[in-house]
Amino acid sequence: MTNSADITAAIAHIQQQHQRLAVVINDAGVAPVQPLEDLDMAEFDHVCAVNVRGLVDVRQTVSRRSEGGRGTPHLGSHSQPTSPLRRAHS
């Protein structure tokens, strides 16, 4: 979920096999298990890359490749109740 070329290739492969995307369930996510104050910033960057950038990248790729992508239902989630990042927002 962090490599744009891989995302584009995966969506192209799906479209070759099935002609179109009927729905996209974009549910990849990672969450560190250590307390937020112990979180390494490289790990935080990885969390953001997967949980935020990856979600947007998939949505943009679908939009560009699917008749505007606006008719493709897109569901996305990345929250985990045990994540210290979630506690940071409480």
Handout entry: Minimum heavy-atom distance between Val47 and Pro32, given as atom pair plus value
Key =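 Taking Val47 first and Pro32 second, the nearest heavy atoms are CG2-CD, 3.7 Å.
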
Exercise for the section: Hey, could you give me the CG/CG distance between Asp57 and Asn26, rounded to the nearest 0.5 Å? Expected result: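 Nearest 0.5 Å value for the CG-CG distance: 9.5 Å.
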
Problem - OG1 on Thr2 to CG on Asn51, rounded to 0.5 Å - result: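 One finds 11.0 Å between CG of Asn51 and OG1 of Thr2.
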
Donor-acceptor list for residues 8-16 side chains, cut-off 3.5 Å, not counting sequence neighbours:
{"unit_1": "Thr8", "atom_1": "OG1", "unit_2": "Ser4", "atom_2": "O", "d": "3.1"}
{"unit_1": "Gln15", "atom_1": "OE1", "unit_2": "Arg65", "atom_2": "NE", "d": "2.8"}
{"unit_1": "Gln15", "atom_1": "OE1", "unit_2": "Arg65", "atom_2": "NH2", "d": "3.2"}
{"unit_1": "Gln15", "atom_1": "NE2", "unit_2": "Arg65", "atom_2": "O", "d": "3.1"}
{"unit_1": "Gln15", "atom_1": "NE2", "unit_2": "Ser66", "atom_2": "OG", "d": "3.1"}

Exercise for the section: Any salt bridge (charged side-chain N to carboxylate O under 4.0 Å, His left out) involving residues 29-47? Give me the pairs, sequence neighbours left out, ordered by first then second residue. Expected result: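 Of all non-adjacent pairs touching residues 29-47, none passes salt bridge (charged side-chain N to carboxylate O under 4.0 Å, His left out).
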
Exercise for the section: Say whether Val56 and Val58 are linked into one hydrophobic cluster, either directly or through other cluster members, by side-chain heavy-atom distances under 4.5 angstrom. Expected result: no

